[in-house]
Protein chains: 2
Amino acid sequence: MVTIKDVARAAGVSVATVSRVYNSSAPVRQDTRDRVRAVAEQLGYSPHGAARSLITSRTHTLGVLLPDLYGEFFSEVIRGVDGAAQRAGYHLLVSSLRGESHGLEAALRSMRGRVDGLIVMSPDLDAGAAGRSLPSGFPVVLLNGPPSDAAYASLVVANAEGAQAMVAHLAGLGHRRIALVGGAARNYDAEERRRGYRQGLGEAGLPWRPDYEVAGDFSEESGHAAALRLLSLPEPPTAIFAANDCMAIGALSACRDHGRKVPDDVAVAGFDDIPMARYVDPPLTSVHVDISALGARATERLLDALRAPANRDLRRETLPTTLVVRRSCGALTPTPMREIP
Amino acid sequence: MVTIKDVARAAGVSVATVSRVYNSSAPVRQDTRDRVRAVAEQLGYSPHGAARSLITSRTHTLGVLLPDLYGEFFSEVIRGVDGAAQRAGYHLLVSSLRGESHGLEAALRSMRGRVDGLIVMSPDLDAGAAGRSLPSGFPVVLLNGPPSDAAYASLVVANAEGAQAMVAHLAGLGHRRIALVGGAARNYDAEERRRGYRQGLGEAGLPWRPDYEVAGDFSEESGHAAALRLLSLPEPPTAIFAANDCMAIGALSACRDHGRKVPDDVAVAGFDDIPMARYVDPPLTSVHVDISALGARATERLLDALRAPANRDLRRETLPTTLVVRRSCGALTPTPMREIP
DNA sequence: CGAGCGCATGTAATCGTTTACATCCTGACA
DNA sequence: TGTCAGGATGTAAACGATTACATGCGCTCG
């Protein structure tokens, strides 16, 4: 491996000069600069990241900790983060937790000295304790986490507001029996969406019924099963609102299996508006969340914190959601028109 | 930041002893070992990665270079890689190329000294030149790349064989007018799948027709547009085979828009078998590729190369694909409950 | 013409580890 | 009792960069 010394020797200068050429940290005469560059090029030199970060204590790397790497949601988050990081010349150290509870602490530890800051997505409600394993004052941005006492910058999507808007929309279409397929247990997003659902019912003057709130775990299978249970009730709902799109898609196939037409017999709606949502049949009404923007915004806040460690911005920022109405809720009917009052 | 020195001082030992406790590189008496561990724990010490890798010249990090981070395909690859890497105690430095052609070289350079090895996914046909920017003998595993003269370990999926099997299946169902929606231009996977398609036609004794081969770019939009074009032909195909699932899903919605029933009027099939494939309506017949296994296998080969740099295994390995028949091709008629998962 | 300034460059300390080598100590054995 | 083996520990030199400080040189200006 060719080092800065090799380049210095070959170019007939000192290592300091080579370093200065690469960092523009001090003026270097044009001709020496050219000579160094040429020699470096020819030798195939590029500075050694570890050595660099040892002395500068900057790694130019951001850590990204995700609960899992499954599905479009996470690939979108990473995409957003990667874009913003790349623009700023930062690398990404990605890791998933895969359910290990002590994993968060272990992962945080093993990243020490490897990253300048962290983006942590921990929707798990009791993950707050994890913060202790990183030095206080370490730049961190929390994604979709519960409001914690710990003083971290955090970013959440407007879960409750989105869910509430969806219920209002369904109620506005005349639905009076609106059911919820809930998200994973002990998941902050899931709880907030449920809260929004209940609040929406209240504002529409609809009663909350325990049998209309069934549990899911964000997977298609669970959405399928939950919808089947709802449709088999003595008084089945006329609208099914799933806490994410995967479950909504599961619900759609459950409706088919159960012989119910969507949206004629029953309306279905989801949450997240993943790219696939518009391609299922019927296209899925959902609450749009700009996931990659979420990742990008988190990255920007982290980079801000790195640039100006002094004035730390620890606010909790909420990303708005928007209602996307497609055919699955019956608001827009296909060519054979069928009005809903 | 607490360093090894602080721990050594607080525990009343030398830095060497602390280091030995952490690396088990030499025997340390049980009681000193315990004392060091306790002190370290209490001080919140964990070894500094950069310093460590500077002296050992091992980073315990793998670089993953992907053309883009969009869609389920890439999230699955990363998931597979992450799983295998985590099991071996390795970190992941992920980066996308986002289309910059010189990006590959730049990315490779900027990863020097930060990773022990690389997994590079470069389906671009003329990316072969990139190899020059990394020191020869550097451990690399190529994913889904064209067979290159460069001596790299590589991994591909059985694109041509899968496509051929799909065409054979469709022909076996009686289809004689089978069209292809091709993948992105200058993409190796796309070319191989096209080759398999043509070969399949030949073996089934069907003529190759230029108007039945329309270009796409792997996106839903392009699949939608391509299918519309096919359906508007004077003699439209009875089966549409898209070079990936996203385009197939686009084709499904195009068929709906065009008033053609799938699979009664036209059969549709895809490639990749992404998780969503079984949830669209009708469920999509596809060529199954175990994408996360692809990532995991690539990682294992890379780790092998790291463990035994001497006997380098530079073979080109092909991952088999399997045909997954669902309703969209008409092989399984209505009875909706009876799908192949 | 000499003082002094500032540009270009070199020298060497430093970052936090690992590890070869040196040292010390304890106990077994002749 | 002296020797020696070998386990436990310490000392200090790397690793490859950055950077404060020192140095040398050509100018300008009083």
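Every chain is numbered from 1 and lettered A, B, ... according to where its sequence line falls, protein lines coming before strand lines.
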Minimum-distance nucleotide to [X] side chain [options: [options]]:
| X | options | answer |
| --- | --- | --- |
| B/Ser14 | C/dG10, D/dT11, C/dT18 | D/dT11 |
| A/His48 | D/dA12, C/dT11, D/dA17 | D/dA17 |
| B/Ser19 | C/dT19, C/dG16, D/dG10 | C/dT19 |
| B/Arg29 | D/dT9, C/dT9, C/dG16 | D/dT9 |

For [X] and [N], give me the distance from atom [atom1] to atom [atom2], rounded to whole Å.
| X | N | atom1 | atom2 | value |
| --- | --- | --- | --- | --- |
| A/Arg114 | C/dT17 | CZ | P | 12 Å |
| A/Lys5 | D/dA17 | NZ | C1' | 10 Å |
| A/Arg9 | C/dT11 | CZ | P | 13 Å |
| A/Tyr45 | D/dG16 | OH | C1' | 8 Å |
| A/Ile4 | C/dT11 | CD1 | C1' | 14 Å |
| A/Asp6 | D/dA17 | CG | C1' | 13 Å |

Treating [X] as the side-chain partner and [Y] as the backbone partner, does any N or O pair qualify as donor plus acceptor under 3.5 Å?
| X | Y | result |
| --- | --- | --- |
| B/Asp116 | B/Leu62 | no |
| A/Asn187 | A/Asp189 | yes |
| B/Asp82 | B/Ile78 | no |
| B/Gln86 | A/Ser96 | yes |
| B/Thr17 | B/Val13 | no |
| A/Ser25 | A/Asn23 | no |

For DNA chain D, which residues of residues 34-41 of chain B approach it to below 4.0 angstrom with any heavy atom?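 None - not one residue of the stretch has a heavy atom sitting under 4.0 Å from the strand.
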I need the residues from residues 52-60 of chain A with at least one non-hydrogen atom less than 4.0 Å from DNA chain D; give them sorted by number, or say none.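 Under 4.0 Å from DNA chain D: A/Arg52, A/Leu54, A/Ile55, A/Thr56.
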Classify [X] by what it touches in the nucleic acid, base, sugar-phosphate, or nothing, heavy-atom distance under 4.0 Å.
| X | value |
| --- | --- |
| B/Thr3 | sugar-phosphate |
| B/Tyr22 | nothing |
| A/Val18 | nothing |

Can you confirm whether A/Met121 sits close enough to A/Leu142 that some side-chain heavy atom of one is under 4.5 Å from a side-chain heavy atom of the other?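 A/Met121 does not reach A/Leu142 side chain to side chain.
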Side chain to side chain contact (heavy atoms under 4.5 Å, CB included) partner of B/Leu294, chosen from B/Val156, B/Thr299, B/Asn144: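 The option that passes is B/Asn144.
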First encountered from the 5' end of DNA chain D, between A/Pro47 and B/Arg20: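 Going by which nucleotide is closer to the 5' end, it is B/Arg20.
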side-chain hydrogen bond (donor to acceptor under 3.5 Å, both in side chains), that's the test. Do B/Ser154 and B/Arg316 meet it? Break it down for me. CA-CA 5 Å; B/Ser154 65; B/Arg316 186 171 179 80; 3.1 Å; yes
Output yes when at least one side-chain N/O atom of A/Thr32 is less than 4.0 Å from OP1 or OP2 of C/dA8, else no.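 For C/dA8, OP1/OP2 do not have a side-chain N/O of A/Thr32 under 4.0 Å.
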Just say parallel, tilted or perpendicular for the rings of A/Tyr45 and A/Tyr22, cut-offs at 30° and 60°.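 Ring orientation of A/Tyr45 relative to A/Tyr22: perpendicular.
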